[in-house]
Amino acid sequence: MSATTAYRKHYLPLESNPEVFTQLIHKLGVSQALSFEDVYSLDDPSLLSLVPRPVFALILVFPTSEVYEQQKAASEAKRETYNGSGEDEDIMWFRQTINNACGLYGILHAVCNGGARDFIKPDSALAKIMDVCVPLAPEERALQLEASDDLEKAHHSAATQGDSSVPANAEDDVNFHYVCFVKSHKTGNLYEMDGRCKGPIDRGMLLSKDEDLLGENSLNIIREYIQRENGGNLNFSLMALAKNWE
C-alpha cells in the first residue's frame, strides 16, 4: 500500500490464503460452487492440472518494490481517469479508498466480472452491492463500499481467520499488494484490475469464448510481472477463482 495516499477508511489486511478468500466470498453471497485455489506453477502442466476449470479470475499477490512503483507511476501518468458506469460498462471496476483492503478489492473485481457474476446469489449482500453500484460512477461506487456494513463485517471476520498475525492498528500500512485479472463478460477482453490505478487496464487481448484465465494469454501477463523484477523479488503468489470439480 502507498503511505502517501489519504484513505478515508481502514481495514485489517486479508491474509493471501485461498481458504480465507473463499470464506469471504461465500459470506458475501457467492455460490459454494466457486472457490479460490492456489496456483503452484505457471509452467508445469501437472501442477496446473490441479486447478479446477474453468478459472474466472486470477489474483496476483506480491510485495511492492521500487521497480514496481516506478513502472506503475510511469504507466499511470499516460492514462486518463476512468469514469465508466452502467449496464453497458465492459468491466466493473472499483476505486480503492479503504486502506489495507486491496485483497478485498481484488475479490470484488474477481466475483463481479466475467462468468463469476452468474454465481452471485439473488438477494445476497453482494447482489445488493452490485445492484446499487452498477449505475454509479467510480467515486460514488467507492462511497457505497465504504458505507456497507455487510462488507465491513464480512471482511473483518475473514481478516481475523488466517494463520498470520493481524496488525494491531488497521492504519498501519502493509507491503503486499493484490492485482486481479478478469475476462469481460461482454467482449471477452482481458483486463488488469487494480483499485489504486486510474481505472481498469485493457491488456489488449481478446480471449475466445472457451478460453479461461488459466490460458497462456493470462499466464504470460503474470510472467511479465515476475520478470520485471529481474530476480530481485520472488515473493509472488497466485490464486485462481475457479468452479469446483463436479
Side-chain angles (χ1 to χ4, degrees), residues 1-11 13-14 16 21 56-86 89-114 116 129 133-134 136-146 151 173-187 189-205 207 213 217-218 220-229 233 236-239 241:
M1 302 299 303
S2 172
T4 60
T5 303
Y7 291 102
R8 297 184 291 236
K9 200 165 190 175
H10 305 267
Y11 281 3
L14 287 177
S16 57
F21 275 46
F56 295 115
L58 295 175
I59 294 183
L60 180 65
V61 189
F62 57 96
T64 55
S65 66
E66 184 176 347
V67 171
Y68 166 74
E69 293 292 356
Q70 288 177 348
Q71 187 278 334
K72 177 175 175 288
S75 175
E76 286 293 283
K78 303 173 184 176
R79 301 180 63 228
E80 298 291 331
T81 299
Y82 179 76
N83 287 303
S85 64
E89 195 177 16
D90 198 34
I91 207 80
M92 189 168 189
W93 178 78
F94 297 94
R95 175 175 293 133
Q96 182 172 347
T97 58
I98 303 174
N99 189 31
N100 285 336
C102 48
L104 172 64
Y105 285 87
I107 286 172
L108 291 174
H109 287 140
V111 298
C112 294
N113 289 292
I129 290 171
C133 287
V134 164
L136 301 179
E139 183 61 27
E140 287 70 35
R141 281 183 188 169
L143 293 173
Q144 286 295 325
L145 296 188
E146 291 178 30
L151 196 62
D173 277 326
V174 294
N175 193 37
F176 279 81
H177 191 50
Y178 297 71
V179 175
C180 181
F181 299 88
V182 296
K183 178 181 180 179
S184 167
H185 62 287
K186 288 185 174 293
T187 63
N189 288 343
L190 177 61
Y191 281 90
E192 178 176 334
M193 309 290 277
D194 183 345
R196 292 201 308 157
C197 291
K198 290 181 177 179
I201 301 172
D202 187 342
R203 295 305 303 249
M205 297 178 189
L207 303 186
L213 269 291
N217 281 318
S218 304
N220 280 336
I221 294 176
I222 306 301
R223 294 184 184 107
E224 286 178 14
Y225 260 85
I226 297 172
Q227 292 166 359
R228 187 167 57 208
E229 297 292 332
N233 181 358
F236 288 85
S237 62
L238 185 66
M239 288 183 283
L241 176 64

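Annotation: side chain of Glu192 is not in contact with side chain of Cys197 (no heavy-atom distance under 4.5 Å). You'll find the side chain of Leu213 reaches within 4.5 Å of the side chain of Leu207, heavy atoms only. Residues Ser85 and Leu136 form no side-chain contact, since every pair of their non-hydrogen atoms from C-beta on lies 4.5 Å or further apart. Put simply, the side chain of Leu190 reaches to within 4.5 Å of the side chain of Ile221, judged on heavy atoms. Proximity of Glu146 to Ile98: side-chain heavy atoms (C-beta onward) are separated by under 4.5 Å at one or more points. Leu145 places none of its side-chain heavy atoms less than 4.5 Å from the side chain of Lys9. The shortest side-chain heavy-atom distance between Leu14 and Phe176 does not fall under the 4.5 Å cut-off.
Taking every heavy atom of both residues into account, Pro200 and Met193 meet most closely at CB-SD, 3.6 Å. Minimum interatomic distance between Ala101 and Tyr11 (heavy atoms only, all atoms of both residues): CB-CD2, 4.0 Å. The two atoms that bring Leu241 and Ala110 nearest to each other are CD2-O, 3.7 Å, heavy atoms only. Residues Cys112 and Met92 approach most closely at O-CB, 4.1 Å, considering heavy atoms. The shortest heavy-atom contact between Pro138 and Gly84 is CD-O, 3.6 Å.
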Do Arg8 and Leu143 pass the side chain to side chain contact (heavy atoms under 4.5 Å, CB included) test, and can you show the C-alpha distance, the side-chain angles, and the key distance before you say yes or no?
CA-CA 10 Å; Arg8 297 184 291 236; Leu143 293 173; 3.6 Å; yes

For His10 and Asn100: C-alpha separation, side-chain torsions, deciding distance, then whether side chain to side chain contact (heavy atoms under 4.5 Å, CB included) applies.
CA-CA 7 Å; His10 305 267; Asn100 285 336; 6.0 Å; no

Under the criterion side chain to side chain contact (heavy atoms under 4.5 Å, CB included), I'd like the reasoning laid out for Glu224 against Arg203: C-alpha separation, chi angles, the key distance, then a yes or no.
CA-CA 12 Å; Glu224 286 178 14; Arg203 295 305 303 249; 2.8 Å; yes

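A donor-acceptor pair under 3.5 Å is formed between the side chain of Lys198 and the backbone N or O of Glu76. Arg141 places a side-chain N or O within 3.5 Å of a backbone atom of Val134 that can act as its donor or acceptor partner. In terms of modelled atom types and a separation under 3.5 Å, the side chain of His109 and the main chain of Phe94 share a donor-acceptor contact.
To the nearest 0.5 Å, atoms SG (Cys180) and CE (Met239) are separated by 10.0 Å. Put simply, CD on Glu139 and OG1 on Thr81 are 11.0 Å apart, with the number rounded to the nearest 0.5 Å. To the nearest 0.5 Å, atom CG of residue Leu60 and atom OG of residue Ser237 are 7.0 Å apart. In this structure, the separation between CD1 on Ile91 and NE2 on His185 is 7.5 Å, given to the nearest 0.5 Å. The distance from atom CH2 of Trp93 to atom CG of Asp194, rounded to the nearest 0.5 Å, is 8.5 Å. To the nearest 0.5 Å, the span separating CE on Met205 from CG on Asn189 amounts to 11.0 Å.
A salt bridge links Arg196 with Glu69: the distance from a Lys NZ or Arg NE/NH1/NH2 to an Asp or Glu carboxylate oxygen falls below 4.0 Å.
Residues Tyr225 and Phe62 place their aromatic rings such that the two centres sit under 6.0 Å apart.
Using modelled atom types and a 3.5 Å distance limit, the side chains of Glu89 and Tyr82 yield a donor-acceptor pair. Between Tyr191 and Asp90, the side chains place a donor N or O and an acceptor N or O closer than 3.5 Å (distance only, hydrogens not considered).
Exactly one residue among Tyr105, Phe236, Phe21 makes a ring pair (Phe, Tyr, Trp, His ring centres under 6.0 Å) with Tyr178. That residue is Phe21.
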